[in-house]
Amino acid sequence: MPELPEVETIAASLRRRIVGWKIDKIEVFLPKLLRKTDVAGLRKFKGKKIIGLRRRGKLLLIACENDLFLLFHLKMTGQFHWTIAGAARETHTHLRISFKGRRRELCYRDVRKFGFLRCLATPSPLDCEELRALGPEPLEMDGRRFPDLIGRRKGRLKSLLLNQSFLAGIGNIYADEILFESGLQPLTSASSLAGKDVRRLWNAIQKILMRAVAAGGSSIRDYKNADGLDGHFQFYHKVYGREGLPCSRCGSPIERLAIGGRSSFFCPRCQRKK
DNA sequence: GCCACTGTTAGCAT
DNA sequence: CATGCTAACAGTGG
């Protein structure tokens with residue numbers, strides 16, 4: 001489920017609570033949740049204090065003492081939630097972290113079981129394969145570099161925005177909203193863009209992602225932050241999930257196309273193909 | 001019951 | 001490299 005704004009919101013909601021807490025134990029109920037990690041690796045976290053949380057792309061990194069890190073990818077349906085020690089495990093809960101001297105326990109639940117946790121013991125966690133493969137952070141990169149970044153790319157804009165090695169963190173919802181905001185049709189090839197299109201695309205990326213983060217992300221189906229709260233950017237979607245409904249700008253019915261196996265929603269009038 | 005669909009992405013064929 | 005298909009998995013809605 002979660003794309004950049006949702007993971008950012010989850011990171012913030014977790015950070016508010018657990019920074020400074022000491023891990024007591026990490027229990028795993030679904031072995032395949034662990035990637036390149038075993039239970040012995042998890043034991044190293046016992047007694048370690050959590051010192052920070054950050055997001056990179058759609059990945060969440062929890063930093064602990066002694067160069068230890070927990071790297072989560074929530075994929076489609078991963079969620080964090082809190083329970084009280086001793087409470088029964090809720091369905092689809094695959095991991096539980098308890099903390100020294102705290103009654104609250106942090107649980108990870110994932111209906112479709114696509115997500116993973118990898119433990120890292122290194123002073124340079126950003127060098128792991130998962131993070132190295134990512135392109136720049138869209139909200140941190142210098143916009144003056146964007147024309148060069150996109151200039152060397154081919155292929156359709158929709159697929160390019162979903163490509164995590166191009167920019168990190170954009171998924172299906174925000175790709176569609178960004179393209180609507182830019183006035184660009186999803187099948188447009190990246191190499192056909194004029195300078196002003198590139199600027200519009202960059203501005204749309206900034207605007208949509210910043211607003212979505214400010215709104216706490218989009219709750220369509222499952223997404224909640226770690227405190228169980230919904231985001232509200234779904235109320236501002238202009239195209240995603242709106243097939244057949246009138247465009248908010250021109251009134252034309254929103255259309256849907258499958259591009260690379262993903263649904264793509266767009267306005268046929270406001271988003272003309274180049 | 002069957003089929004299509006879902007916020008992700010790795011792997012493999014073309 | 002780009003694109004397209006499949007699979008990982010479970011649930012929902014028509």
Side-chain angles (χ1 to χ4, degrees), chain A residues 1-11 29-36 55-60 71-80 90-95 108-118 128-135 149-179 186-192 208-209 212-213 215-226 229-244 256-265:
Chain A
M1 67 169 112
E3 308 180 31
L4 183 156
E6 289 77 27
V7 181
E8 185 73 31
T9 304
I10 289 167
F29 312 109
L30 179 77
K32 70 156 260 185
L33 175 68
L34 300 179
R35 173 186 285 196
K36 293 176 183 150
R55 174 196 61 74
R56 173 81 173 99
K58 299 171 191 171
L59 288 133
L60 181 72
L71 180 68
F72 281 94
H73 197 311
L74 279 46
K75 293 286 181 92
M76 297 281 273
T77 52
Q79 286 182 337
F80 289 101
E90 292 178 28
T91 51
H92 307 300
T93 295
H94 309 309
L95 176 127
Y108 174 76
R109 117 181 108 198
D110 187 347
V111 170
R112 293 177 71 180
K113 304 177 182 168
F114 292 168
F116 67 80
L117 165 63
R118 181 174 175 191
C128 70
E129 306 87 273
E130 287 86 350
L131 298 182
R132 246 190 351 227
L134 298 177
L149 185 70
I150 197 169
R152 288 175 287 107
R153 296 293 189 144
K154 300 187 296 185
R156 309 182 280 210
L157 289 179
K158 174 64 186 276
S159 303
L160 189 58
L161 288 174
L162 292 179
N163 183 340
Q164 302 299 296
S165 70
F166 172 63
L167 285 175
I170 297 170
N172 210 31
I173 294 177
Y174 298 107
D176 282 3
E177 294 301 318
I178 286 165
L179 289 172
L187 290 171
T188 306
S189 74
S191 56
S192 74
I208 294 294
L209 293 179
V213 169
S218 304
S219 293
I220 304 290
R221 204 172 253 104
D222 306 308
Y223 166 70
K224 292 177 185 308
N225 73 16
L229 300 176
D230 282 346
H232 44 274
F233 196 71
Q234 66 276 15
F235 299 122
Y236 303 96
H237 291 173
K238 304 254 179 85
V239 287
Y240 183 82
R242 299 182 56 80
E243 183 181 17
R256 174 159 88 148
L257 274 178
I259 303 175
R262 315 294 305 280
S263 279
S264 297
F265 301 91

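So that the names make sense, note that chain A is the first sequence line, chain B the second, and so on, each numbered from 1. Worth saying up front: this structure is predicted, and the values here are computed from it rather than measured.
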Using a heavy-atom cut-off of 4.0 Å across all strands, would you classify [X] as base, sugar-phosphate, or nothing?
{"X": "A/Tyr240", "result": "sugar-phosphate"}
{"X": "A/Asp110", "result": "nothing"}
{"X": "A/Arg152", "result": "nothing"}
{"X": "A/Ser218", "result": "base"}

Span that lies between the [atom1] atom of [M] and that of [N], in whole angstrom:
{"N": "C/dC9", "M": "B/dG11", "atom1": "P", "value": "15 Å"}
{"N": "B/dT8", "M": "C/dC1", "atom1": "P", "value": "23 Å"}
{"N": "C/dC5", "M": "B/dA4", "atom1": "P", "value": "14 Å"}

Spacing between [X] atom [atom1] and [N] atom [atom2], to the nearest angstrom:
{"X": "A/Ile259", "N": "C/dT3", "atom1": "CD1", "atom2": "P", "answer": "11 Å"}
{"X": "A/Gln79", "N": "C/dA10", "atom1": "CD", "atom2": "P", "answer": "16 Å"}
{"X": "A/Arg109", "N": "C/dG11", "atom1": "CZ", "atom2": "P", "answer": "13 Å"}
{"X": "A/Lys158", "N": "C/dG4", "atom1": "NZ", "atom2": "P", "answer": "13 Å"}
{"X": "A/Arg256", "N": "B/dT6", "atom1": "CZ", "atom2": "C1'", "answer": "10 Å"}
{"X": "A/Leu30", "N": "C/dA8", "atom1": "CG", "atom2": "C1'", "answer": "12 Å"}
{"X": "A/Lys32", "N": "C/dC9", "atom1": "NZ", "atom2": "C1'", "answer": "7 Å"}

Would you say a side-chain N or O of A/Thr77 is under 4.0 Å from OP1 or OP2 of C/dG11? no

Does A/His92 make a side-chain N or O approach to OP1 or OP2 of C/dG11 shorter than 4.0 Å? yes

Candidate nucleotides C/dC9, C/dG11, B/dT6, ranked by approach to the side chain of A/Lys113 - the nearest: C/dC9

Closest of B/dT6, C/dA10, C/dG4 to the A/Arg156 side chain is C/dG4

Does the side chain of A/Tyr174 pick up a donor-acceptor pair with the side chain of A/Glu6 at under 3.5 Å? yes

With a 4.0 Å cut-off, would you call A/Lys238 and A/Asp176 a salt bridge? no

Electrostatic pair A/Glu129-A/Arg35, nearest N-O below 4.0 angstrom: no

Pairing residues for A/Arg256 by the side-chain hydrogen bond (donor to acceptor under 3.5 Å, both in side chains) criterion, not counting sequence neighbours: A/Glu243, A/Ser263

Would you say the side-chain atoms of A/Gln234 pair up with the backbone N or O of A/Ser219, donor to acceptor, closer than 3.5 Å? yes

With the sugar-phosphate defined as primed atoms, P, OP1 and OP2, and the base as all remaining atoms, what B/S/- string results for nucleotides 8-14 of chain B, 5' to 3', for protein heavy atoms under 4.0 Å? BB-----

Only pairs with both distances under 3.5 Å count, Watson-Crick or wobble alike; so what is the partner of C/dC9 in this structure? none

By the definition salt bridge (Lys or Arg N to Asp or Glu O under 4.0 Å), identify the one residue from A/Lys58, A/Arg56, A/Arg118 that meets it with A/Glu130. A/Arg118

A/Ile259 and A/Leu162, any side-chain heavy atoms less than 4.5 Å apart: no

Pick one: which of A/Phe80, A/Phe114, A/Phe116 meets ring pair (Phe, Tyr, Trp, His ring centres under 6.0 Å) with A/Phe72? A/Phe80

